[in-house]
There are 2 protein chains.
Amino acid sequence: MTSEETLEQFNLRKTKIRIAVLDSLSQSAVAQSYSTMQNALHEFDRTTLYRTLLTLTEYGLIHKAYEENGESFYARCFGCTEQVHNHEHLHLKCSSCGGVECIEISDQLKSSLAQLPFQEINISAKGDCSACVSA
Amino acid sequence: MTSEETLEQFNLRKTKIRIAVLDSLSQSAVAQSYSTMQNALHEFDRTTLYRTLLTLTEYGLIHKAYEENGESFYARCFGCTEQVHNHEHLHLKCSSCGGVECIEISDQLKSSLAQLPFQEINISAKGDCSACVSA
DNA sequence: ACTCTAAATGCAACATTGTTGCAAAACAAA
DNA sequence: TTTGTTTTGCAACAATGTTGCATTTAGAGT
Ligand SMILES: [Mn+2]
Ligand SMILES: [Mn+2]
Ligand SMILES: [Zn+2]
Ligand SMILES: [Zn+2]
């Protein structure tokens with residue numbers, strides 16, 4: 001599904017920056033930092049990017065995958081809705097390229113986590129992302 | 001062991017702010033945010049607090065337990081050294097009081113995590129901290 | 001207790017990010 | 001194309017991160 005179709009489905013206006021952000025995150029294997037997007041989308045005001053990320057997050061189209069030292073990384077959500085979010089995976093901060101990758105976790109780990117009496121459980125780690133490992 | 005003794009043990013100069021930060025974090029059941037410490041230690045310059053947190057982190061006396069929306073929470077380390085860090089626990093952001101608590105995790109969860117080929121694995125979650133639950 | 005030197009502090013300065021208000025521009029429906 | 005609503009761009013301000021440098025302090029030696 002194209003970014004335009006996705007926006008339409010969510011009753012969101014199809015503006016340039018929303019399409020650009022969705023396109024970029026959909027095509028990227030790794031989560032992208034705010035500053036990276038800022039640079040890539042320099043034709044837009046940073047406030048607009050800020051509000052675009054807020055809106056897309058609110059509607060469950062993207063999520064903040066990682067945050068460290070004031071730098072936030074965003075990734076495309078798959079199968080998330082405004083109500084139900086499925087982020088049962090690990091966010092790997094690559095020690096080589098600095099990118100952030102969403103990684104599936106084992107069923108054993110999932111069931112361990114399911115026993116915790118908490119919400120919004122998030123696992124992060126550091127290591128080499130799949131792109132850097134195979135390179 | 002007092003904060004002074006701890007600093008001595010690590011060959012760190014016993015300055016007022018280091019003692020104050022260590023005392024505060026040692027006595028606190030929850031991790032404290034930078035802004036909280038900033039307010040509590042307003043007699044010191046914020047740059048000094050910044051560098052104090054860097055130094056104490058570097059020596060393994062404290063660790064950044066949680067970071068969200070640009071707000072960082074620090075907690076006292078127990079059993080960490082400059083080389084070996086033992087942070088195999090969960091950082092719980094309290095939905096009620098906003099505090100951050102370090103929570104021990106089950107052996108099952110530990111062993112699941114041990115199988116991951118990554119370093120610096122960190123789990124965070126949201127829910128009610130023990131103080132708010134018992135209140 | 002005094003002196004000296006290395007380390008730590010306070011302060012200025014600048015960068016990045018977060019956040020809001022408001023007028024102008026863009027979008028979607030009619 | 002007209003119109004009402006939403007989104008954008010810009011100004012403005014706050015919070016935090018970060019560095020350089022002069023001054024002060026801590027700890028060691030005398
Ligand atoms: Mn993810
Ligand atoms: Mn901890
Ligand atoms: Zn990588
Ligand atoms: Zn609480």
Side-chain angles (χ1 to χ4, degrees), chain A residues 2-24 31-59 61-74 82 93 98 100, chain B residues 2-24 31-59 61-74 82 93 98 100:
Chain A
T2 66
S3 298
E4 282 92 339
E5 290 169 333
T6 303
L7 290 169
E8 206 160 336
Q9 186 184 334
F10 281 79
N11 278 321
L12 284 168
R13 291 198 176 180
K14 289 164 275 182
T15 67
K16 287 179 193 170
I17 192 170
R18 285 178 186 167
I19 295 168
V21 168
L22 276 183
D23 278 352
S24 179
Q32 294 187 15
S33 71
Y34 166 82
S35 58
T36 299
M37 289 189 271
Q38 174 78 59
N39 290 333
L41 305 171
H42 60 276
E43 69 258 38
F44 301 100
D45 188 82
R46 72 185 187 85
T47 312
T48 305
L49 175 57
Y50 165 73
R51 284 191 273 230
T52 297
L53 295 174
L54 277 186
T55 301
L56 296 181
T57 298
E58 185 187 340
Y59 280 79
L61 296 178
I62 65 174
H63 67 285
K64 189 187 281 190
Y66 190 79
E67 181 175 354
E68 188 183 29
N69 298 132
E71 198 171 21
S72 296
F73 293 76
Y74 294 86
E82 208 168 337
K93 169 77 171 173
V100 172
Chain B
T2 66
S3 299
E4 282 92 339
E5 289 169 335
T6 303
L7 289 169
E8 205 159 338
Q9 185 184 333
F10 281 79
N11 276 323
L12 285 167
R13 293 196 176 182
K14 290 165 273 181
T15 66
K16 288 176 192 171
I17 191 170
R18 286 178 185 168
I19 295 169
V21 168
L22 276 183
D23 277 352
S24 178
Q32 294 188 14
S33 71
Y34 166 82
S35 58
T36 299
M37 288 189 272
Q38 175 78 59
N39 290 333
L41 305 170
H42 60 275
E43 70 257 38
F44 301 101
D45 189 81
R46 71 184 188 86
T47 312
T48 306
L49 175 56
Y50 165 73
R51 283 191 271 230
T52 297
L53 294 173
L54 277 186
T55 301
L56 296 182
T57 298
E58 184 187 339
Y59 280 79
L61 296 178
I62 65 175
H63 66 285
K64 188 187 282 189
Y66 191 78
E67 180 174 357
E68 189 183 29
N69 298 132
E71 197 171 21
S72 296
F73 293 76
Y74 294 86
E82 209 167 335
K93 169 77 171 173
V100 172

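Proteins get letters first, then strands, A, B, ... in listed order; numbering begins at 1 in each. Not measured: the values here are computed from a predicted model.
Nucleotides of DNA chain D nearest to B/Y34 and A/R18 differ in position, and the one nearer the 5' end is that of A/R18. Each of B/L12 and A/K14 was assigned the nucleotide of DNA chain C with the nearest heavy atom; the assignment lying further toward the 5' end belongs to B/L12. Closest-nucleotide positions on DNA chain D for A/D45 and B/E71 were compared, and the one nearer the 5' end corresponds to A/D45. Each of B/N69 and B/R46 lies near DNA chain C, and the nucleotide nearest B/R46 is the one positioned closer to the 5' end.
With sequence neighbours left out, the side chain to side chain donor-acceptor pair (under 3.5 Å) criterion links A/E5 to A/T2.
Residue-level contact check: A/R51 touches the bases, meaning some heavy atom is under 4.0 Å from a base atom. Within 4.0 Å (heavy atoms only), B/S35 reaches sugar-phosphate atoms of the nucleic acid but no base atom. Residue contacts for A/T48: at a heavy-atom cut-off of 4.0 Å it reaches a base atom on one of the strands shown.
Between the side chain of A/E71 and the backbone N or O of A/Y34 there is no donor-acceptor pair closer than 3.5 Å. Checked by atom type and distance alone, the side chain of B/D45 pairs as donor or acceptor with a backbone atom of B/T47 at under 3.5 Å. Panel note: side chain B/E4, backbone B/I19; no donor-acceptor pair is recorded below 3.5 Å. Distance alone, capped at 3.5 Å, places no donor-acceptor pair between the A/K14 side chain and the A/E8 backbone.
A/H63 contributes atom NE2, which lies 13.0 Å from atom CG of A/L56 (distance to the nearest 0.5 angstrom).
Separating the CE atom of A/M37 from the C1' atom of C/dG18 is a distance of 15 Å, rounded to the nearest angstrom. The distance between atom CD1 of B/I17 and atom P of C/dG10, rounded to the nearest whole Å, is 7 Å. If you measure from atom OH of B/Y59 to atom C1' of C/dA7, you get 11 Å, rounded to the nearest angstrom. Between A/E67 atom CD and C/dT16 atom P there is a gap of 18 Å when expressed in whole angstrom units. Atom pair B/N11:CG and C/dA8:P shows a separation of 11 Å (rounding to whole Å applied). Spacing between atom OH of B/Y50 and atom C1' of C/dA13 amounts to 15 Å, rounded to whole angstrom units. If you measure from atom CD of A/E68 to atom P of C/dT16, you get 18 Å, rounded to the nearest angstrom.
For the pair A/T15/A/R13, a side-chain contact is recorded, criterion being any heavy-atom separation below 4.5 Å from C-beta on.
Between the side chains of B/T36 and B/S33, at least one donor-acceptor pair of N or O atoms lies under 3.5 Å.
Note that the first and last nucleotides of DNA chain D, 5' to 3', having any atom under 4.0 angstrom from a heavy atom of chain B are D/dT16 to D/dG27.
Residue B/T47 places no side-chain N or O under 4.0 Å from the OP1 or OP2 atom of C/dG10.
Each end of the helix from C/dA1-D/dT30 to C/dA30-D/dT1 gets its own rotation axis from five pairs of C1' atoms, and the angle between them is 30° to the nearest 10 degrees.
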